[in-house]
Amino acid sequence: MKKKILVLCTGNSCRSQIAHGYLNFFGGDLVEVFSAGVETHGVNPRAIKTMLEDGIDISNHTSNNVLEYKAIEFDYIITVCDNAKERCPYFPSKAQKFHHNFTDPAKYIGSEHEIMLEFSKVRDTIKLYCKEFIQAHV
């Protein structure tokens, strides 16, 4: 039976989308991954671009609100920013909860090149976390 994983962030536009992509990649047929936010901001085009640079296409992902998934029984819930951990509405779940606060690359200020370097840095940090998560829990 596939493990159901929910990744939560503030706007479900960047960090949670990147984690969603990597959890799918590393978990393969063993997982069913969802991502959501306490708000919805749309999928960040730079998140799509940085993932494509690593061979993963998240361009078909959508930005969803956490309340859309309250009827799903998750095995794991991962919050990827402090704001989502604090603001996430309560919904009954037996899921194991995990938290890691990743830097928000969408808030980085600089040239386009510098911003994309920040996206790559955050992407690589999330990639390692997701790989280790799948190895430890799935």
Shortest non-hydrogen contact from I115 toward G110: CD1-O, 3.4 Å

Does the side chain of T79 come under 3.5 Å of the side chain of H99 through a donor N or O and an acceptor N or O? yes

Is it true that a side-chain atom of D75 and a backbone atom of K4 form a donor plus acceptor pair closer than 3.5 Å? yes

Are V7 and F119 connected into the same hydrophobic cluster when the rule is that any two of I, L, V, M, F, W, Y join if their side-chain heavy atoms are below 4.5 Å apart? no

What heavy-atom pair brings S120 and E53 nearest, and what distance separates the two atoms? OG-OE1, 3.8 Å

Are any side-chain N or O atoms of N44 and backbone N or O atoms of R46, one a donor and one an acceptor, separated by less than 3.5 Å? yes

Can you name the closest pair of heavy atoms from C81 and C9 and give their distance? SG-SG, 3.6 Å

Quick one: does H20's side chain have a donor or acceptor within less than 3.5 Å of a partner on V33's backbone? yes

Please determine whether residues I78 and L30 belong to a single hydrophobic cluster, defined as Ile, Leu, Val, Met, Phe, Trp and Tyr linked transitively by side-chain heavy-atom distances below 4.5 Å. yes

On a heavy-atom basis, which atom in R123 and which in T50 lie closest, and how many Å separate them? NH1-O, 2.7 Å

In terms of relative ring orientation, are F26 and Y22 parallel, tilted or perpendicular, with 30° and 60° separating the classes? parallel

To check you understand the geometry: which heavy-atom pair defines the closest contact between G21 and I58, and what is its length? CA-CG2, 4.0 Å

Under-4.0 Å salt bridge between D29 and K2: no

If you compare all heavy atoms of V31 against all heavy atoms of L23, which two are closest, and at what distance to 0.1 Å? CG2-O, 3.7 Å

Do the side chain of S63 and the main chain of N12 share a donor and acceptor less than 3.5 angstrom apart? yes

Would a single hydrophobic cluster contain both M51 and L117, if residues Ile, Leu, Val, Met, Phe, Trp and Tyr are joined by side-chain heavy-atom contacts under 4.5 Å? no

State plainly whether one hydrophobic cluster holds both F98 and V122, where clusters connect Ile, Leu, Val, Met, Phe, Trp and Tyr through side-chain heavy atoms under 4.5 angstrom apart. yes

Donor-acceptor pair, side chain of Q17 and main chain of T62, under 3.5 angstrom: yes

Taking the side chain as every heavy atom from C-beta outward, state whether E132 and L128 have any atom pair closer than 4.5 Å. yes

Check this for me: Y129, atom OH, are more than 12 non-hydrogen atoms of other residues, nucleotides or ligands nearer than 6.0 Å? yes

